[in-house]
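See below for the structure under consideration.
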Amino acid sequence: RICTECFREMTHLPCTIFLRFSKERLIQMEKQRIYRYTWGFLFLFAGVAAGLILNVCMGSVRIPVEEVWRILTGKGGEMVSARILLDIRMPRTIAAILLGGALALAGYLLQTFFHNPIAGPFVLGISSGAKMAVALVMVVLMGHSVRVTSADMILSAFLGALLSMGFVLLVSRRMAGMSQLVISGVMIGYICSAITELIVTFAEDSDIVNLHNWAQGSFSGITWEQTELIAAVILVTFLITFSLSKPLGAYQLGESYAQNMGVNIRALRIWLVLLSSILSACIVSFAGPISFVGIATPHLVKRLFGSSRPLLMIPACFLGGSVFCLFCDLLARNLFAPTELNISTVTAIFGAPVVLWVMAKQRKDRGL
């Protein structure tokens, strides 16, 4: 023990030595954390940069980096390569960065909200609810020759995500176990998928083609107009989420602790529901349902940084989701070119083992 006198006058030699050693140890640990955080963010930024370059250069038509630079700076380049780069690959790659980051951030918010390590938009059926609402709007409006705008799709997906989230919240109050919550989310997802199939059954053939291509999950076909809308929605949502870093950190330590720190738990929960639903809606409306990114990425980022502080995890999860989706989209386009895989197939291959590892780790920590 350290006597009270040592804190005032530092006269007791053993306690003085202990305090100095502890202070030096704390300074050393803080330096190690800063070093780890710095290299972690550098690694993520390098991954985003590498994924951006590879995605715009590689494909059925290879475009050298030098030619990409000439096209972007307006110093020449082939007309065909310029059209492919500016009209197809650039908006698709930027959308993959934004939507991948949003998907990982939505997963982190849901894991924080439910205190559940395998909560995510896809597992809890939120993506399926958004998919059901978008399919309904597309079939009804297209059936009456009404043009479906990007804003219509985001709004309908948001309402569908809120509906699914509401059912999950109702079920979670009666099911305390992690496995029960996951099962209930899967069941809600199946119900929404069944309703979507009923909608498709009574749709016109032309609408079915559009729905089928969208429902497979892909970043293809995204335009600059859609990319601008995606960037606006996600940027605002990200800034609001980042502003909640401090109350989120308190919420992670328990609701009682958060209340003692002056956090309005009810308001924070509402914000978490709204923000995760907006992010999920934006993803589903433009890229379709994408699996496992929202679950796997937060755990990989926590492993990289050795921390779960929201001040670090919010930007790190966004960058990690961008890296994950960039490289999965690269594989989906080039692995069996010219045939393109849907993005969920690739993300499931890399994301499902992470989920299994998390569940095994939880079981081991509980001593089962």
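If you read the sequence from its start, that first residue is 1, and numbering goes on from there.
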For Val236 and Ile234: C-alpha separation, side-chain torsions, deciding distance, then whether side chain to side chain contact (heavy atoms under 4.5 Å, CB included) applies. CA-CA 6 Å; Val236 172; Ile234 291 178; over 6 Å; no

Pair listing, side-chain hydrogen bond (donor to acceptor under 3.5 Å, both in side chains) test, anchored in residues 50-66, at least two apart: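 Only Asn55-Arg333 qualify under side-chain hydrogen bond (donor to acceptor under 3.5 Å, both in side chains).
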
What pairs meet the side-chain hydrogen bond (donor to acceptor under 3.5 Å, both in side chains) rule with one or both residues in residues 86-109, with sequence neighbours excluded?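 Listed by first then second residue: Arg83-Asp87, Arg92-Asp329, Arg92-Glu340, Tyr108-Gln252.
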
Contacts of type ring pair (Phe, Tyr, Trp, His ring centres under 6.0 Å), residue Phe292, not counting sequence neighbours: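 Listed in chain order: nothing, the list is empty.
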
With sequence neighbours excluded, tell me which residues meet ring pair (Phe, Tyr, Trp, His ring centres under 6.0 Å) with Phe305.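 Testing Phe305 for ring pair (Phe, Tyr, Trp, His ring centres under 6.0 Å), a comparison that skips the adjacent residues, returns Phe41.
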
Can you list everything that forms a salt bridge (Lys or Arg N to Asp or Glu O under 4.0 Å) with Arg269? Sequence neighbours excluded, please.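 Scan of Arg269 (salt bridge (Lys or Arg N to Asp or Glu O under 4.0 Å), adjacent residues dropped) gives Glu255.
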
Set of residues satisfying salt bridge (Lys or Arg N to Asp or Glu O under 4.0 Å) with respect to Glu225, sequence neighbours excluded: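 Partners of Glu225 by the salt bridge (Lys or Arg N to Asp or Glu O under 4.0 Å) criterion come out as none, since no residue qualifies.
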
Considering all heavy atoms of both residues, which atom of Leu44 and which atom of Gly320 are nearest to each other, and what is their separation?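 That would be CD2-CA, 4.0 Å.
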
Using side-chain heavy atoms (C-beta onward) and a distance below 4.5 Å, is [X] in contact with [Y]?
{"X": "Leu109", "Y": "Leu279", "result": "yes"}
{"X": "Leu272", "Y": "Leu248", "result": "yes"}
{"X": "Ile191", "Y": "Ile195", "result": "yes"}
{"X": "Leu229", "Y": "Phe286", "result": "yes"}
{"X": "Gln259", "Y": "Tyr251", "result": "no"}
{"X": "Leu274", "Y": "Phe158", "result": "yes"}
{"X": "Cys325", "Y": "Leu99", "result": "no"}
{"X": "Leu331", "Y": "Phe327", "result": "no"}

Same cluster for [X] and [Y] if Ile/Leu/Val/Met/Phe/Trp/Tyr side chains link at under 4.5 Å?
{"X": "Leu304", "Y": "Leu42", "answer": "no"}
{"X": "Leu235", "Y": "Ile230", "answer": "yes"}
{"X": "Ile88", "Y": "Ile343", "answer": "no"}
{"X": "Val65", "Y": "Leu72", "answer": "no"}
{"X": "Met313", "Y": "Trp39", "answer": "no"}

Spacing of [X] atom [atom1] and [Y] atom [atom2] [to the nearest 0.5 Å]:
{"X": "Leu311", "Y": "Tyr37", "atom1": "CG", "atom2": "OH", "answer": "10.0 Å"}
{"X": "Arg36", "Y": "Thr38", "atom1": "CZ", "atom2": "OG1", "answer": "12.5 Å"}
{"X": "Ser164", "Y": "Ile126", "atom1": "OG", "atom2": "CD1", "answer": "7.0 Å"}
{"X": "Leu103", "Y": "Phe324", "atom1": "CG", "atom2": "CZ", "answer": "9.5 Å"}
{"X": "Thr227", "Y": "Leu98", "atom1": "OG1", "atom2": "CG", "answer": "7.5 Å"}
{"X": "Lys302", "Y": "Ser307", "atom1": "NZ", "atom2": "OG", "answer": "9.5 Å"}

Short question: side chain of Ser285, backbone of Cys282 - any donor-acceptor pair under 3.5 Å?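 Yes, the answer is positive, given that a donor and an acceptor are paired below the 3.5 Å cut-off.
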
Heavy-atom donor-acceptor pair, Thr297 side chain to Gly294 backbone, under 3.5 Å: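 No, Thr297 side chain to Gly294 backbone: no donor-acceptor pair under 3.5 Å.
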
Assess whether side chain to side chain contact (heavy atoms under 4.5 Å, CB included) is satisfied between Phe350 and Cys328, documenting all intermediate values. CA-CA 9 Å; Phe350 294 102; Cys328 287; 4.1 Å; yes

